[in-house]
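Please read all numbers here as calculations on a predicted model, not as lab measurements. Letters A, B, ... are given to chains in the order of the sequence lines, protein chains preceding strands, and every chain is numbered from 1.
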Amino acid sequence: MLVLGIETSCDETSVAVLKDGKILSNVVASQIEIHKKFGGVVPEIAARHHLTNLPIVFKEALSKANIKLNELNGIAVTYGPGLIGALLVGLSFAKGLSLSLNIPFVGVNHIIGHIFANYIVYPDLKPPFIVLMVSGGHTEILKVSDYENIEVLGKTVDDAAGEAFDKVARILGLGYPGGPEIEKAALTGKKDRFKFPRPLLNSNDYNFSFSGLKTSVLYKTKEFQNESIPVEDIAASFQEAVVEILLKKTFKAARNSGIRTIVLAGGVAANKRLREEANKLANAYNYNILIPPLQYCTDNAAMIAMAGYYKLSKKQFDDISLEAVPNLTI
Amino acid sequence: MLVLGIETSCDETSVAVLKDGKILSNVVASQIEIHKKFGGVVPEIAARHHLTNLPIVFKEALSKANIKLNELNGIAVTYGPGLIGALLVGLSFAKGLSLSLNIPFVGVNHIIGHIFANYIVYPDLKPPFIVLMVSGGHTEILKVSDYENIEVLGKTVDDAAGEAFDKVARILGLGYPGGPEIEKAALTGKKDRFKFPRPLLNSNDYNFSFSGLKTSVLYKTKEFQNESIPVEDIAASFQEAVVEILLKKTFKAARNSGIRTIVLAGGVAANKRLREEANKLANAYNYNILIPPLQYCTDNAAMIAMAGYYKLSKKQFDDISLEAVPNLTI
Amino acid sequence: MKEIIFDLGEMTKKAMETFAFEFAKNVDEHNLILLIGEIGAGKTTFVKAFCKGFGVDPEIVSSPTFTLVNVYETLSKSIYHVDVYRLTNVEDLFYLLEDQIEDNDSILIVEWADLFPEFFQGDRIEIYLEHSSDHLRNVSIKVVGESERILSFLRRWRNAKKIKI
Amino acid sequence: MKEIIFDLGEMTKKAMETFAFEFAKNVDEHNLILLIGEIGAGKTTFVKAFCKGFGVDPEIVSSPTFTLVNVYETLSKSIYHVDVYRLTNVEDLFYLLEDQIEDNDSILIVEWADLFPEFFQGDRIEIYLEHSSDHLRNVSIKVVGESERILSFLRRWRNAKKIKI
Amino acid sequence: MNILALDTSTKRISIAYKNETNVVSVTFEGKDKHGRNIGILAKYLKEIGVNFSTLDVIGVGIGPGSLTGLRVGISLALGLAVEKKIVSVPSTKLIAANLMYCSKNIVVARKARQGYLYGAVYDENLDEIISPFIETIEGFKRKVSFLKDAIVVGDGADLLFEYEKAEEFLSFPDPLRMLNIVEDEIKNQNFVEKLNPLYLQKSIAELNFEKRKGGRVEKT
Amino acid sequence: MNILALDTSTKRISIAYKNETNVVSVTFEGKDKHGRNIGILAKYLKEIGVNFSTLDVIGVGIGPGSLTGLRVGISLALGLAVEKKIVSVPSTKLIAANLMYCSKNIVVARKARQGYLYGAVYDENLDEIISPFIETIEGFKRKVSFLKDAIVVGDGADLLFEYEKAEEFLSFPDPLRMLNIVEDEIKNQNFVEKLNPLYLQKSIAELNFEKRKGGRVEKT
Ligand SMILES: Nc1ncnc2c1ncn2[C@@H]1O[C@H](COP(=O)(O)OP(=O)(O)OP(=O)(O)O)[C@@H](O)[C@H]1O
Ligand SMILES: Nc1ncnc2c1ncn2[C@@H]1O[C@H](COP(=O)(O)OP(=O)(O)OP(=O)(O)O)[C@@H](O)[C@H]1O
Ligand SMILES: Nc1ncnc2c1ncn2[C@@H]1O[C@H](COP(=O)(O)OP(=O)(O)O)[C@@H](O)[C@H]1O
Ligand SMILES: Nc1ncnc2c1ncn2[C@@H]1O[C@H](COP(=O)(O)OP(=O)(O)O)[C@@H](O)[C@H]1O
Ligand SMILES: [Mg+2]
Ligand SMILES: [Mg+2]
Ligand SMILES: [Zn+2]
Ligand SMILES: [Zn+2]
């Protein structure tokens, strides 16, 4: 089965072609450089670029896959979560294509797409497994019991983990994006110097909270009114708090559900201290840890096509009136 | 359940209200007088009168039934066979009403309506039974195995029985409609004087043919070039041929299907010679013969509502896009 | 107006049905066909086979006794089959034909057309059926108006018959 | 243009959420709300409770870190929630707000609005949040432009507080 | 106020619907007959949110035009309109409305039977100058000959060379303009009790007979 | 030739379709967003016989107008139009087409951001006199002040008192008139390779900034 994947939920315009679950092409046009100067993704600009780029990316994906239009058997497209204006470009294009080629189309949840990316990277991976999804927009613990059975065990109630990194970097006068900056500063800092709060650490659920942590850091810096602020120590102590919160809940989820495989996904998973601690805990408790390389964690259409391939095989077609859902959850 | 019936397939505009299969009202506006001068039903005139009469007949039926519009639970309407222009008036009106009241509607086959009329006249009648349907437009033997299971065992391959009466009357210089005229003339005629052909009489099926019989009568009259034509004898001999053909096939059908009840329906069933012979045969072979009074055999909406009541009870609703089918068969 | 008459001689029912079927396929320029002949002459029989030539199921073609007009839908146009025997004046006829009047692209075929000669004028084809014996009818055709196709068809048919006889 | 400033004093998180919730129900004449205050001052916390006042599930309200604009649909209108901290010039801001610009009947609520004072002019409400202790924020409100309803709400709220203290 | 307006007098079915929040319109021209298509359209109108059971007013184009088509639309409307208000509009006016804001007199010319035309004339406010009629082409021309500065619209326009001719696709009723006209009638409380098609057809039969007879008389 | 034409630049979605035998059109105005409605309409069109897989040409109204609405229509069209021909038409021209046969100059005025209008001016043949622009109300008035005998159409018409105003329901594109314009473009082989919305919005942002700044300067 030849499946076309389309992803335009945020700042990457991407189209991919999969043949029976194997990538034939996966073209990504990133808008990162365009949005950089704004310090974030500007929805209107993102939508404009998707509209301009999509037909070009689409043509390239077809030609790289070396297939003809009418060979396609189905279309998979992200319908949420994401920026409404950006989502609509991909979704409407997919609808037009589905009508024009008279082939079925399916809407894919972007988060589920990220999970299905793992099946591309690790062809032997099979459910069940636990996913810690940590990025600029998401901080979630997911339980993947089966291909279709994915459950959100917990998520952040306020700021995302990546957002906490960015904001603390701002407080400490470090650059953007904050994650790598904090990581660098922490290298020479004392991680035990300050004991920042670990909100919800021992709560009974798997939820996170990072906005109180951010405020604590702010108050800590204020204590050094006339002295110079110990940036490295604060960075290291803050990073330690985040890592502890993230991993404690993740391993608790794995233990309680009896699942032995844990996948760390999203931009924050690039953090070396997080990886180090995760591997240490996995060795100690005998878990299997998978940390996909960053390029498979960023947004791409191959993962959408992969998730779509699954739905299409099961004939779970969507109606042409499917709507974009910016706040789509699992 | 309150069911509204609408019948506009030919020259009667009729609306009826049935409550759980019992008649609350059954209003019929006949156009017979209007069409009489044309010697037949003029489609365009029929359609015009249906359109004018239907809203009036409808109001009267509601007020006679003493119910309110929004008490209705369903609508039954004739969708064929019949004159296309006439059918469309009733059908479109029914669709509008169904949309407006947001209640289901069902299309009823006019012939099946005639069969369901028998359930009104004979509340104890239950399938199976055989029907000989003989009118100006129809000559058919029907096997009613069940309310929904109705089979055409045989029908005329050319002229209808009523049509044969009319045309022979024309040949003999008698008036229109021909049936009663022939019957009257035959009273004093010798029915054995001429042996007219009985086409298909011994064929293996239950089909009829009357156009050859009509031609034979024509040739017979030509034999009397200079003499006066023995109108009464020809009429009686012709009537005898028709009666024999009709009944032989009907009783054969009953015998072969092992069914003991026979219903004679339609305008030609008024013919006394036919009734006499039918009763004689029934007594001889021990069949149960039902000949409903003429007023229950002419077109009316109660019979349509009755057939519709059955479909509605079984939730066999029709789609609003149901088309009129002028040549609808069973 | 040009008028040409073809006498096609006697035909059995079967032969007439074949003729009517082929005739239908060559009639496209004409949309007014008149049938003239006594009771039982074979007018309805002709119409049945004629309609079959247009792809209409002959089962649904019957004498328009009660309804005066039967309408048969073909893939391309509607055929209006009329029996005017019972009509008493031309006004009635107008009523009868009002539906057809607005359907410009239809065929009108009329039994007993000779009863209203003043009405059925203009380009037309008249078909005369006469009893010659129990099983034979004499068929002759009058074509009124220009129409090369039907004329050449009728010529071919007449010549074929001549050769056969 | 008329400007009135209300100092509502210190509030706990809970008190501020109650205030924001009620505030939302009285804001209908205004569609430009500016939030001014340091990191962690409680701007997003305010927006969450404000949106709840419009029937928006507070779960979906989050800081527009990545997307700069979040849009929440209420029964009557859309709420555009913007964080302008990272923007470097006004042109960027125009881009950011283009979607909102055409949606005449929407509410625009802006974190870090003080960074672009020249942009956010006209009828508006400015909300100042200041850290006073770990668990308390000082809240003051500046109403610019005519709007009796919100003024009387704020007066009632201030008086109620005074009586309590 | 919930309004449904429909016209089936031409080969185009035009339907418009309006409620407090939505305005919906459809047109359909095809090979199949109106009897079939109108049901399909009604079904899909229902699916895109038209609520037939809460209508307040039904507006109907009453012809002149295709007899069977007209009756399909009018009988559907009669069914919809039971215990509701009805507005009726000549379909010629609906066609003239396609030339709103044209400062000329608007001559509507629709094909009737061969050699005949339905017609009507409206001024720029869509007020009737000549009400709907049926005529031979010559008779039609005589009837409108007094008009200066006129424009002809309708599927019979090509038979009248003397005047400017509107583009062909403007020959049939437009649903939203129909809705607008119906709303005007509602404002003026112009409701009717009965819906009678503007047949006009009796006349064509008579005229036709005269003509044919005339023709024959000339020949003999 | 199978043609689909659509415009989503206003609060009305307009779609028209034509093949050898059928002409179909729909319009939809409602509360929900175009992203939702266009799918429902496409589904409906499919069910009444529109064959999206055999289209030869897609015609699209490219604005100016609602940004998200426009993009929904254009990206759907892009999906439909892969390996097919595309015609693009300014949506202002589609609105002007509602006044075909009006002998005046046609000024299209659509609401943009508060205090601003999209505009364009066409002559009676729908030829562009002023191509689509965005202006303050005052700027708009200055821009069209040289016109004599003009009529204003569009949802911004009530902000321009000087000229005659067309009825409100004519403010949005009509699908069949759009189809007609697209067919003309096809005749002239006016196909495009890419579909770019007429955003014009960069300018409103700039203008707005100037204005606000101006306002503030005056105050201080
Ligand atoms: N050569 C023939 N052509 C036509 N019919 C024939 C021929 N030979 C015998 N017949 C018979 O003559 C009869 C013709 O009947 P039909 O109903 O077609 O006549 P009609 O002209 O339509 O009569 P009516 O005036 O009653 O309408 C049929 O029974 C047919 O089988
Ligand atoms: N009275 C209070 N009002 C608001 N927040 C309070 C209060 N007391 C304590 N807090 C805490 O302060 C933090 C405020 O975080 P929040 O993300 O809302 O701030 P913000 O102003 O949006 O920050 P940023 O500038 O990062 O966007 C939360 O952790 C909240 O619980
Ligand atoms: N080494 C790191 N440590 C912590 N956070 C990081 C690191 N690298 C990137 N991040 C954070 O991850 C976020 C980006 O995540 P990303 O996976 O790109 O998101 P998305 O999948 O939504 O595109 C940013 O908030 C950034 O600060
Ligand atoms: N006594 C009779 N004998 C024979 N035929 C009759 C008699 N009375 C009526 N008919 C014929 O019955 C036909 C009318 O049948 P009818 O039941 O009225 O038809 P429909 O049900 O279609 O209205 C006419 O052809 C008429 O000649
Ligand atoms: Mg006959
Ligand atoms: Mg915030
Ligand atoms: Zn992602
Ligand atoms: Zn009957």
Side-chain angles (χ1 to χ4, degrees), chain B residues 9-11 34-48 81-86 135-139 155-172 176-178 197 207 210-219 221-222 267 325-329, chain C residues 13 37-49 51 56-73 78 80-103 111-112 115 129-137:
Chain B
S9 68
C10 192
D11 56 352
I34 296 156
H35 295 285
K36 209 168 207 169
K37 66 177 248 206
F38 299 99
V41 178
V42 187
E44 171 63 19
I45 297 182
R48 287 188 183 201
L83 303 171
I84 180 73
S135 73
H138 290 283
T139 306
K155 60 178 186 174
T156 181
V157 300
D158 39 47
D159 293 357
E163 185 175 356
F165 272 94
D166 293 340
K167 289 204 166 155
V168 166
R170 193 195 291 179
I171 294 171
L172 298 178
Y176 175 86
N207 284 340
F210 291 105
S211 95
L213 176 57
K214 156 186 83 183
T215 319
S216 288
V217 171
L218 176 72
Y219 290 140
T221 60
K222 292 200 170 164
V325 185
N327 306 308
L328 186 65
T329 51
Chain C
K13 185 179 172 191
E38 251 187 306
I39 267 197
K43 302 180 290 295
T44 304
T45 307
F46 188 96
V47 176
K48 251 186 201 284
C51 288
V56 176
D57 176 2
E59 279 234 343
I60 71 164
V61 177
S62 61
S63 190
T65 325
F66 243 47
T67 55
L68 303 180
V69 190
N70 286 348
V71 188
Y72 316 119
E73 302 294 341
S78 304
Y80 289 78
H81 175 195
V82 190
D83 183 343
V84 300
Y85 182 85
R86 293 212 192 92
L87 299 182
T88 50
N89 65 57
V90 160
E91 243 239 331
D92 300 347
L93 189 54
F94 282 127
Y95 261 123
L96 189 66
L97 292 181
E98 247 160 0
D99 231 17
Q100 187 270 328
I101 280 167
E102 62 166 10
D103 190 351
E111 297 192 37
W112 295 99
L115 296 180
L129 305 177
E130 286 162 89
H131 291 280
S132 71
S133 81
D134 249 36
H135 296 290
L136 290 174
R137 303 289 186 272

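Remark: Glu130(C) engages no residue in a salt bridge (charged side-chain N to carboxylate O under 4.0 Å, His left out) (not counting sequence neighbours).
Residues Lys48(C) and Val157(B) share a closest heavy-atom pair of NZ-O, 3.5 Å. Listed here is the closest heavy atom pair of Asp159(B) and Ser63(C): OD1-CB, 4.3 Å. The minimum heavy-atom distance linking Leu218(B) with Ile39(C) is given by the pair CD2-O, 3.1 Å.
Atom CG of residue Asp134(C) and atom OG1 of residue Thr215(B) lie 8.5 Å apart, to the nearest 0.5 angstrom. Separation of atoms CG (Asp83(C)) and CD (Glu163(B)) is listed at 8.5 Å; rounding is to 0.5 Å.
Residue Glu73(C): no heavy atom, backbone or side chain, is found under 4.5 Å from chain B. With a threshold of 4.5 angstrom between heavy atoms, Tyr72(C) does not approach chain B through any atom at all.
With Asn327(B) as the partner, the side chain to side chain contact (heavy atoms under 4.5 Å, CB included) test is satisfied by one option alone out of Val71(C), Ile60(C), Asn70(C): Ile60(C).
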